[in-house]
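Worksheet: one structure, shown below.
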Amino acid sequence: MTAGKDFRLVWDDVIYTPGTLKVICYKNGKQWATDEVKTTEEAAKLSLSVDRSVILADGSDLAFVTVQVSDKEGLIVPRTNPLIKFSVLGAGEIVATDNGDATSFVPFQSHERQAFNGLVLVIVKAKKGQKGSFTVKAESEGLTSGQVAVKVE
């Protein structure tokens, strides 16, 4: 084995071309797992998903909203880091934002956060005692905004 490459797969001679990369793993001669990655186009929109669509109106129950910077096909654009601004309409409020970048000094309470490798998180809660619903909105210059609704019981 070559020094420094003992446990790594090195593709020094692979030339980048857009398309699909599919990996098939075999175990004991039988297909065991597969995965596929597609190259993306330019960032076009913000796609939001929430870990739970219903929370309690106790002022403590939290919902975690993941914001993905996506191309027009809905694929995450991993090498993009736009500034994203968050707002909440209705009976909710922002608790914190984060992006997984350990070098960021932006306070967690900020309502703006730069995406890190195409992702950012906003944590929200219901205002205590206010039932109904609220909408979390994410906006970034040059991208189609996104939103997601959370019901409050």
query: Under 3.5 Å, side chain of T39 to main-chain N/O of G19, donor-acceptor pair present?
result: yes

query: Are V23 and T34 side-chain neighbours, meaning at least one heavy-atom pair lies under 4.5 Å?
result: no

query: Do any N or O atoms from the side chain of K45 and from the backbone of L143 form a donor-acceptor pair under 3.5 angstrom?
result: no

same_hphob_cluster(I55, V95) at 4.5 Å side-chain heavy-atom cutoff: no

query: Are there more than 12 heavy atoms of other residues, nucleotides or ligands under 6.0 Å from atom CD of Q31?
result: yes

message: Can a side-chain donor-acceptor contact be found between T66 and S49 if the only test is distance below 3.5 angstrom?
response: no

- prompt: Do L83 and E112 have side chains that get closer than 4.5 Å, going by heavy atoms?
  reply: yes

message: Holding to salt bridge (charged side-chain N to carboxylate O under 4.0 Å, His left out), I want the full list of residues that pass it with K137, two or more places apart in sequence or in another chain.
response: E139

- prompt: Minimum heavy-atom separation for I76 to P78, with atom names?
  reply: O-CD, 3.1 Å

query: Is there a donor-acceptor contact under 3.5 Å from the side chain of N99 to the main chain of Q114?
result: yes

D35 side, atom CG; K22 side, atom NZ - distance, nearest 0.5 Å: 10.0 Å

task: Applying side-chain hydrogen bond (donor to acceptor under 3.5 Å, both in side chains), run through Q68 and S70 and close with a yes or a no.
output: CA-CA 6 Å; Q68 174 179 303; S70 304; 3.2 Å; yes

- prompt: Can you find a heavy atom in the side chain of F86 that is under 4.5 Å from one in the side chain of V65?
  reply: no

query: About how many Å separate CD of E153 and OG of S133, when rounded to the nearest 0.5 Å?
result: 11.0 Å

query: In terms of hydrophobic clustering (I, L, V, M, F, W, Y; side-chain heavy atoms under 4.5 Å; direct or indirect links), are L46 and L75 co-clustered?
result: no

message: With a 4.5 Å cut-off on side-chain heavy atoms, are E42 and V77 touching?
response: no

query: Got more than 12 heavy atoms from elsewhere within 6.0 Å of CD, E141?
result: no

query: Quick one: do L119 and I123 end up in the same hydrophobic cluster if we chain Ile, Leu, Val, Met, Phe, Trp and Tyr together by side-chain heavy atoms under 4.5 Å apart?
result: no

- prompt: When you look at E36 and T20, which way does the side-chain contact (heavy atoms from CB on, under 4.5 Å) test go after all the steps?
  reply: CA-CA 7 Å; E36 189 173 282; T20 302; 3.3 Å; yes

field: Nearest non-hydrogen partners of A63 and V50, listed with the distance
entry: CB-CG2, 3.9 Å

query: Would a 4.5 Å heavy-atom cut-off, applied to side chains only, mark F108 and T97 as touching?
result: no

message: Looking at F64, is its backbone amide N or carbonyl O close enough to the side chain of D51 to form a donor-acceptor pair, meaning the two atoms are under 3.5 Å apart?
response: yes

- request: Begin from the C-alpha positions of V136 and V122 and carry the test side-chain contact (heavy atoms from CB on, under 4.5 Å) through to its verdict.
  value: CA-CA 9 Å; V136 179; V122 59; 4.0 Å; yes

query: Among D98, D101, I84, L121, which one satisfies side chain to side chain contact (heavy atoms under 4.5 Å, CB included) with R113?
result: D98

- request: Taking salt bridge (charged side-chain N to carboxylate O under 4.0 Å, His left out) as the test, write out the residues that go with K131, two or more places apart.
  value: none

message: Rounded at 0.5 Å granularity, tell me how far CD in E73 sits from OG1 in T40.
response: 10.5 Å

task: Could you tell me whether the side chains of D58 and S60 share a donor-acceptor contact shorter than 3.5 Å?
output: no

message: Going by salt bridge (charged side-chain N to carboxylate O under 4.0 Å, His left out), name the residues that satisfy it together with K72, two or more places apart in sequence or in a different chain.
response: E41

message: I'd like to know if the side chain of R52 and the backbone of V150 have a donor-acceptor N/O pair within less than 3.5 Å.
response: no

message: Just verifying a value: how many Å separate E93 CD and H111 NE2, rounded to the nearest 0.5 Å?
response: 8.5 Å

